[in-house]
Amino acid sequence: MEVEVADDVTWSRETVPKVLKIVSTRLPQRDLISLLLVSPWLNATLISHPSLWLLIDFHEMNDAGNRLIAALSLPRYRHVKQINLEFSQDIEDKHLQIIKNKCLDSLQDLEVLNLNSCQKISDKGVEDITSACTNLKVFSIYWNVRVTDTGITHLVKNCKYIIDLNISGCKKLSDRSLQLVAQTYPELEVLNLTRCVKLTDFGLQQILNSCSSLQSLNLYALSSFTDEAYKRISLLAHLKFLDLCGAQNLSDEGLSCIARCNGLLSLSLTWCIHVTDVGVIAIAASCTSLKYLRKIQNCSLFGIVGVTDACLDSLSRTCLNTITTLDVNGCIGIKRRCRDELLKLFPKLRCFKVHS
């Protein structure tokens with residue numbers, strides 16, 4: 001009996017914590033926190049490993065502001081690298097001010113901050129949190145209609161190492177914000193400008209002239225840009241992802257310039273209503289003469305009435321074995337649109353619809 005008891009204790013104190021330490025690296029943070037309550041031995045084991053506490057994830061949670069303050073007050077989060085507050089409730093400027101004043105030490109290693117859809121945060125909140133997180137590399141504040149150019153001014157002043165910036169849906173931002181971003185982040189790799197409706201060619205050109213390291217550029221639902229700006233996308237030698245959905249002023253001439261981005265893997269031309277076979281064939285042709293041969297994987301031509309079967313033939317000749325996603329719905333000039341016909345042209349095709 002004593003041997004069995006001793007074995008049980010050993011199992012609880014040593015074996016279970018060791019096993020769960022391995023398993024816990026794959027668990028969501030909420031489950032990880034629950035494990036702390038299982039036993040004092042497991043609690044001690046998990047807390048003793050800092051690598052398990054590099055993420056604070058309160059996305060879609062209520063009372064996120066107070067939760068974040070409480071979490072950052074705990075020693076185990078002293079070296080947190082990523083905070084996710086996407087679609088969280090009850091996170092306001094006042095919480096970010098408290099964090100700045102009381103939790104500064106816990107934010108020195110923070111690299112990723114997601115404030116997507118935290119709509120109660122204003123320029124003042126951006127100022128407070130960015131002044132506390134000066135080593136940020138990734139900043140996302142999607143769908144915030146309160147933040148203005150002043151907020152971006154605070155960002156570029158306080159955080160000098162941003163390489164991934166999402167300001168999608170920040171409708172109050174103007175070309176001034178893009179000027180600041182271009183001046184401060186020449187090494188920027190990812191930029192999402194979706195639905196930033198006040199932007200013009202001038203602002204986008206600042207980015208394209210200065211941020212030559214861009215690999216991903218999202219210009220979804222921005223109809224005000226013209227070929228004057230689109231042509232300069234050709235300057236982005238490292239570009240892999242480009243979303244031009246809704247680029248109503250993009251012409252074949254502009255697209256032919258974009259074709260010089262020979263490393264493109266994903267290209268959306270959805271609702272680019274002035275594009276014809278000429279522009280798409282230029283994209284396909286660029287693959288034949290460049291060292292990044294046959295790389296395009298995802299292509300959307302949804303809603304373009306000016307393209308025909310000829311552009312598919314051209315794409316098939318150069319991207320036969322790479323295209324896995326192709327949306328030609330609404331392209332009335334393309335007659336071979338059924339699944340079987342598309343598979344003959346692109347045998348690796350797996351996704352036939354990007355937009356519903």
Side-chain angles (χ1 to χ4, degrees), residues 59-60 64-65 83-97 99-100 112-134 136-160 162-185 188 190-211 214 216-226 228-230 232 243-249 271:
H59 78 278
E60 298 181 349
I83 294 177
N84 184 3
L85 298 172
E86 186 171 54
F87 292 100
S88 296
Q89 302 298 314
D90 310 311
I91 177 78
E92 303 178 21
D93 288 348
K94 64 182 182 181
H95 298 110
L96 301 183
Q97 185 175 28
I99 288 169
K100 172 189 174 182
V112 180
L113 179 59
N114 186 334
L115 297 175
N116 287 346
S117 193
C118 295
Q119 296 191 22
K120 294 181 180 180
I121 293 175
S122 71
D123 293 333
K124 182 63 171 66
V126 172
E127 178 183 20
D128 285 334
I129 196 63
T130 58
S131 66
C133 312
T134 56
L136 274 183
K137 294 182 179 179
V138 179
F139 183 68
S140 186
I141 194 165
Y142 153 84
W143 197 17
N144 185 308
V145 295
R146 299 185 66 189
V147 169
T148 71
D149 293 336
T150 300
I152 301 302
T153 301
H154 295 313
L155 173 68
V156 301
K157 175 184 176 182
N158 296 324
C159 304
K160 302 297 185 182
I162 298 291
I163 59 172
D164 185 330
L165 179 62
N166 183 353
I167 48 178
S168 167
C170 295
K171 296 182 178 181
K172 290 187 176 180
L173 300 185
S174 73
D175 289 339
R176 176 57 180 158
S177 286
L178 295 195
Q179 277 186 293
L180 293 168
V181 169
Q183 292 167 3
T184 311
Y185 305 131
L188 193 66
V190 178
L191 180 61
N192 191 334
L193 301 177
T194 295
R195 299 188 192 279
C196 291
V197 294
K198 293 179 68 175
L199 303 180
T200 71
D201 280 351
F202 176 77
L204 181 58
Q205 286 174 326
Q206 304 305 302
I207 294 292
L208 301 176
N209 290 336
S210 300
C211 303
L214 272 175
S216 176
L217 180 60
N218 196 328
L219 303 178
Y220 182 97
L222 293 171
S223 59
S224 60
F225 297 140
T226 72
E228 186 176 349
Y230 291 134
R232 291 182 179 269
D243 192 336
L244 294 172
C245 177
Q248 297 181 14
N249 298 318
W271 292 121

Test log, rule side-chain contact (heavy atoms from CB on, under 4.5 Å), inputs W143 and Q119: CA-CA 7 Å; W143 197 17; Q119 296 191 22; 3.2 Å; yes
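Remark: L222 pairs with L193, L219, F225 by the side chain to side chain contact (heavy atoms under 4.5 Å, CB included) rule, at least two apart or across chains. By the side chain to side chain contact (heavy atoms under 4.5 Å, CB included) test, T200 is found to be paired with D175, F202, residues two or more places apart in sequence or in another chain being considered. Applying the side chain to side chain contact (heavy atoms under 4.5 Å, CB included) rule to K157 yields no partners; only residues at least two apart in sequence or on another chain are considered. Contacts of K100 classified as salt bridge (charged side-chain N to carboxylate O under 4.0 Å, His left out), with partners at least two apart in sequence or in another chain: D128. In this structure, the side chain to side chain contact (heavy atoms under 4.5 Å, CB included) partners of T150, at least two apart in sequence or on a different chain, are D123, T148, H154.
Residues N209 and R232 have side chains in contact (heavy-atom distance under 4.5 Å, counting atoms from C-beta outward). The shortest side-chain heavy-atom distance between L113 and I129 falls under the 4.5 Å cut-off. In this structure the side chain of I83 never reaches within 4.5 angstrom of the side chain of N114, judged on heavy atoms. At least one side-chain heavy atom of L214 sits less than 4.5 Å from a side-chain heavy atom of L191. The side-chain heavy atoms of V197 and S224, taken from C-beta on, include no pair separated by under 4.5 Å. Inter-residue side-chain proximity for V126 and L96 is flagged as unmet; no heavy-atom pair is nearer than 4.5 Å. Counting only heavy atoms from C-beta outward, the side chains of F87 and H59 never approach each other to under 4.5 Å. Taking the side chain as every heavy atom from C-beta outward, V190 and I163 never approach each other to under 4.5 Å.
Remark: K94 NZ to K120 NZ distance equals 8.5 Å, nearest 0.5 Å. To the nearest 0.5 Å, atoms CG (L136) and SG (C159) are separated by 4.5 Å. To the nearest 0.5 angstrom, S223 atom OG is 14.0 Å from W271 atom CH2. Going from atom CG of L199 over to atom NZ of K171 covers 12.5 Å, rounded to the nearest 0.5 Å. To the nearest 0.5 Å, atom CG of residue L178 and atom SG of residue C211 are 9.0 Å apart. From T194, atom OG1 reaches atom CG of D243 across 6.5 Å, with rounding to the nearest 0.5 Å.
Between I167 and C196, the shortest heavy-atom distance links the atoms O-SG, 3.1 Å. Closest heavy-atom contact between C118 and L85: SG-O, 3.3 Å. In terms of heavy atoms, S131 sits closest to N158 at N-ND2, 3.5 Å. When every heavy atom of N144 is checked against every heavy atom of V147, the shortest pair comes out as OD1-N, 2.9 Å. Scanning all heavy atoms of the two residues, the minimum distance from A64 to S88 falls at CB-CB, 3.4 Å. Closest approach of Y185 to V156, counting heavy atoms only: OH-CA, 3.4 Å.
Counting non-hydrogen atoms of neighbouring residues, nucleotides and ligands closer than 6.0 angstrom, the NZ atom of K160 exceeds 12 such neighbours. No more than 12 heavy atoms of other residues, nucleotides or ligands shown are found within 6.0 angstrom of NZ on K137. Around CD of Q183, the count of heavy atoms belonging to other residues, nucleotides or ligands within 6.0 Å exceeds 12.
A side-chain N or O of S122 and one of D93 form a donor-acceptor pair less than 3.5 Å apart.
Side chain of Q205 to main chain of E228: a donor-acceptor pair is present (N/O by atom type, distance under 3.5 Å, no hydrogens or angles). Using modelled atom types, no side-chain atom of S177 and backbone atom of L173 make a donor-acceptor pair closer than 3.5 Å.
Only one option out of D164, N192, N116 pairs with S140 in a side-chain hydrogen bond (donor to acceptor under 3.5 Å, both in side chains); it is N116.
Sorted by first and then second residue, the salt bridge (charged side-chain N to carboxylate O under 4.0 Å, His left out) pairs involving residues 192-208 (not counting sequence neighbours) form an empty list.
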